[in-house]
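One structure below.
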Amino acid sequence: MHLRVFESEQDAAVACAARVREAVTSHPSLVLGLPTGRTPLNVYRELVALHERKAVDWSRARTFNLDELLGVSAEDGGSFRAYMDRHFFRKVNLSEERIHFLDGAVPDAETECARYEAELAAEGGLGLVLLGIGANGHLAFNEPAEQLQARCHRTRLSRETREANAMLFGDDPSRVPLEALTLGMGALIQSRRAMLLAFGEGKAEAVKAMVEGPVTPRCPASFLQLHRDVEVWLDRASASALSARTQ
């Protein structure tokens with residue numbers, strides 16, 4: 001893991017967006033894995049600003065979002081698809097046919113997961129994936145468990161995860177769906193490059209477990225220790241629990 005610690009979340013977001021711009025410019029047809037939530041918001045704002053300055057062209061890039069809430073249609077304002085439309089998709093020159101997304105409103109979740117897994121495989125897997133980390137160490141919606149699933153699957157969300165996503169539902173965790181669809185650990189670990197962002201003191205213990213702890217399904221993010229090329233983008237608060245040796 002390559003750790004990068006910045007004085008502030010905004011400083012990290014600016015640097016991270018610049019690195020994504022470089023990747024897309026070098027490989028215009030790059031396949032990107034994209035997250036939602038509060039953590040990547042500033043990165044998306046910076047990427048949009050770069051697009052507006054004509055510093056990056058998204059017309060040939062392809063995207064796969066990491067997850068979607070189950071039972072929520074793309075038109076619902078609380079869906080992850082609506083989040084991406086608001087904060088990124090509608091503000092850059094990504095064409096609709098190059099945007100891949102799980103459909104949370106499908107009647108057969110297992111068939112939908114198989115479809116999404118096949119689409120990603122047909123594109124050759126993820127070239128670059130942006131990731132956040134849950135306070136409990138989850139990666140995408142791969143929650144801590146006795147064992148993790150490699151492939152795209154249906155998952156039950158933890159209380160902490162539902163609370164973290166309450167901002168999409170009027171800050172009411174009880175309105176957040178109990179389940180979601182998510183890419184499995186296989187797609188994330190097999191990506192050619194990963195960039196994980198974590199900000200704030202509330203993520204400090206999860207970051208420590210990811211970087212310094214054992215590789216364990218009780219901290220799914222710890223499996224990034226096995227990744228061939230991963231950068232971890234932190235602010236001072238999220239890095240505060242790391243040992244001096246690691247920093």
Side-chain angles (χ1 to χ4, degrees), residues 1-28 30-59 61-68 79-94 98-101 126-135 138-141 161 164-165 167-168 182-183 187-188 191-204 206-207 210 221 224 227 229-239:
M1 287 185 179
H2 306 287
L3 271 61
R4 304 182 183 279
V5 182
F6 294 81
E7 289 300 321
S8 71
E9 175 179 345
Q10 181 59 28
D11 289 342
V14 170
C16 181
R19 188 63 60 88
V20 174
R21 183 198 67 80
E22 292 172 3
V24 174
T25 301
S26 298
H27 303 282
L30 187 66
V31 179
L32 294 112
L34 299 177
T36 53
R38 194 199 67 79
T39 298
L41 277 175
N42 283 335
V43 174
Y44 288 138
R45 291 187 186 109
E46 292 298 322
L47 289 173
V48 169
L50 288 168
H51 168 73
E52 290 173 345
R53 297 200 299 269
K54 302 188 185 304
V56 59
D57 176 16
W58 297 94
S59 63
R62 293 155 292 168
T63 67
F64 283 80
N65 265 72
L66 305 183
D67 36 38
E68 179 59 284
S79 71
F80 287 174
R81 175 57 196 256
Y83 166 107
M84 292 301 300
D85 283 342
R86 287 193 301 271
H87 298 294
F88 188 59
F89 291 158
R90 292 178 180 170
K91 298 184 176 183
V92 299
N93 62 327
L94 264 170
R98 294 177 179 270
I99 296 171
H100 300 265
F101 229 98
L126 298 172
L128 170 63
V129 60
L130 297 182
L131 297 163
I133 181 174
H138 76 244
L139 207 61
F141 274 152
T161 299
N165 285 277
M167 68 175 190
L168 297 173
T182 183
L183 285 178
L188 308 182
S191 63
R192 285 177 284 286
R193 186 176 178 187
M195 297 170 63
L196 182 139
L197 303 101
F199 305 126
E201 189 175 356
K203 298 294 181 71
V207 168
M210 173 183 67
L224 288 177
H227 197 284
D229 184 5
V230 57
E231 294 180 343
V232 180
W233 301 71
L234 309 171
D235 62 0
R236 290 292 177 190
S238 61

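We use all heavy atoms of the structure for the numbers below, so side chains are in, but hydrogens, waters and symmetry mates are not.
- For R86, there are no salt bridge (charged side-chain N to carboxylate O under 4.0 Å, His left out) partners two or more places apart in sequence or in a different chain.
- Between V56 and L47 there is no side-chain heavy-atom pair separated by less than 4.5 Å.
- A204 approaches A237 most closely through the heavy-atom pair CB-O, 3.7 Å.
- Every pair passing salt bridge (Lys or Arg N to Asp or Glu O under 4.0 Å) that includes a residue from residues 30-42 is listed here, sequence neighbours excluded: E9-R38.
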Does F101 form a side chain to side chain contact (heavy atoms under 4.5 Å, CB included) with F89? I'd like the steps, not just the answer. CA-CA 12 Å; F101 229 98; F89 291 158; 3.8 Å; yes
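- Closest approach of A239 and L234 over heavy atoms only: CB-CD1, 3.8 Å.
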Hey, mind stepping through E7 and R236 against salt bridge (Lys or Arg N to Asp or Glu O under 4.0 Å) and telling me if it holds? CA-CA 6 Å; E7 289 300 321; R236 290 292 177 190; 3.1 Å; yes
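- Distance check, rounded to the nearest 0.5 Å: CE of M84 to CG of L94 gives 8.5 Å.
- Qualifying side-chain contact (heavy atoms from CB on, under 4.5 Å) partners for N93, counting only residues two or more places apart in sequence or in other chains: H51, D57, W58, S59.
- A search for side-chain contact (heavy atoms from CB on, under 4.5 Å) contacts involving R45 returns L41, N42, not counting sequence neighbours.
- Listed by chain and residue number, F64 satisfy the ring pair (Phe, Tyr, Trp, His ring centres under 6.0 Å) test with H100 (two or more places apart in sequence, or in another chain).
- Judged purely by atom type and a 3.5 angstrom limit, N65 uses its side chain to pair as donor or acceptor with the backbone of L34.
- Closest heavy-atom contact between W233 and C16: CZ3-N, 3.5 Å.
- In this structure, Y83 contributes its side chain and L168 its backbone to no donor-acceptor pair below 3.5 Å.
- Judged as a side chain to side chain donor-acceptor pair (under 3.5 Å), and not counting sequence neighbours, the contacts of S191 are H227.
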Could you go through V31 and T63, starting from their C-alpha distance and side-chain angles, then the distance that decides it, and tell me whether this counts as side chain to side chain contact (heavy atoms under 4.5 Å, CB included)? CA-CA 6 Å; V31 179; T63 67; over 6 Å; no
N/O donor to acceptor pairs below 3.5 angstrom from side-chain atoms of residues 192-201, sequence neighbours left out:
residue: R192; atom: NH1; partner: G124; partner atom: O; Å: 3.2

Quick one: do I133 and M210 satisfy side chain to side chain contact (heavy atoms under 4.5 Å, CB included)? Show the steps, please. CA-CA 9 Å; I133 181 174; M210 173 183 67; 4.0 Å; yes
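- Residues Y44 and P35 are in side-chain contact: their nearest non-hydrogen atoms beyond the backbone lie under 4.5 Å apart.
- The side-chain contact (heavy atoms from CB on, under 4.5 Å) search around A55 returns R21, L50, not counting sequence neighbours.
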Please walk me through it: do T161 and H138 pass side chain to side chain contact (heavy atoms under 4.5 Å, CB included)? CA-CA 9 Å; T161 299; H138 76 244; 3.1 Å; yes
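- Residues meeting the salt bridge (charged side-chain N to carboxylate O under 4.0 Å, His left out) test with R90, sequence neighbours left out: D85.
- When the side chain to side chain donor-acceptor pair (under 3.5 Å) test is applied to D235, the partners found at least two apart in sequence or on another chain are S238.
- A side-chain contact (heavy atoms from CB on, under 4.5 Å) with L131 is found for one member of T39, V230, L224, V232 and no other, namely L224.
- In plain terms, the two heavy atoms of A187 and L126 that are nearest each other are O-CD1, 3.8 Å.
- For the atom pair L66 CG and L130 CG, the distance stands at 8.5 Å (nearest 0.5 Å).
- Here the CG atom belonging to L128 is positioned 9.0 Å from the CG atom belonging to D229, to the nearest 0.5 angstrom.
- Listed by chain and residue number, E52, F88, K91, V92 satisfy the side-chain contact (heavy atoms from CB on, under 4.5 Å) test with V48 (two or more places apart in sequence, or in another chain).
- Between S79 and A82, the shortest heavy-atom contact is OG-N, 3.0 Å.
- With sequence neighbours excluded, the residues forming a ring pair (Phe, Tyr, Trp, His ring centres under 6.0 Å) with F80 are F141, listed by chain and number.
- Of the charged side-chain nitrogens involved, at least one lies within less than 4.0 Å of a carboxylate oxygen, so that E231 and R4 count as a salt-bridged pair.
- When every heavy atom of A206 is checked against every heavy atom of G134, the shortest pair comes out as CB-O, 3.4 Å.
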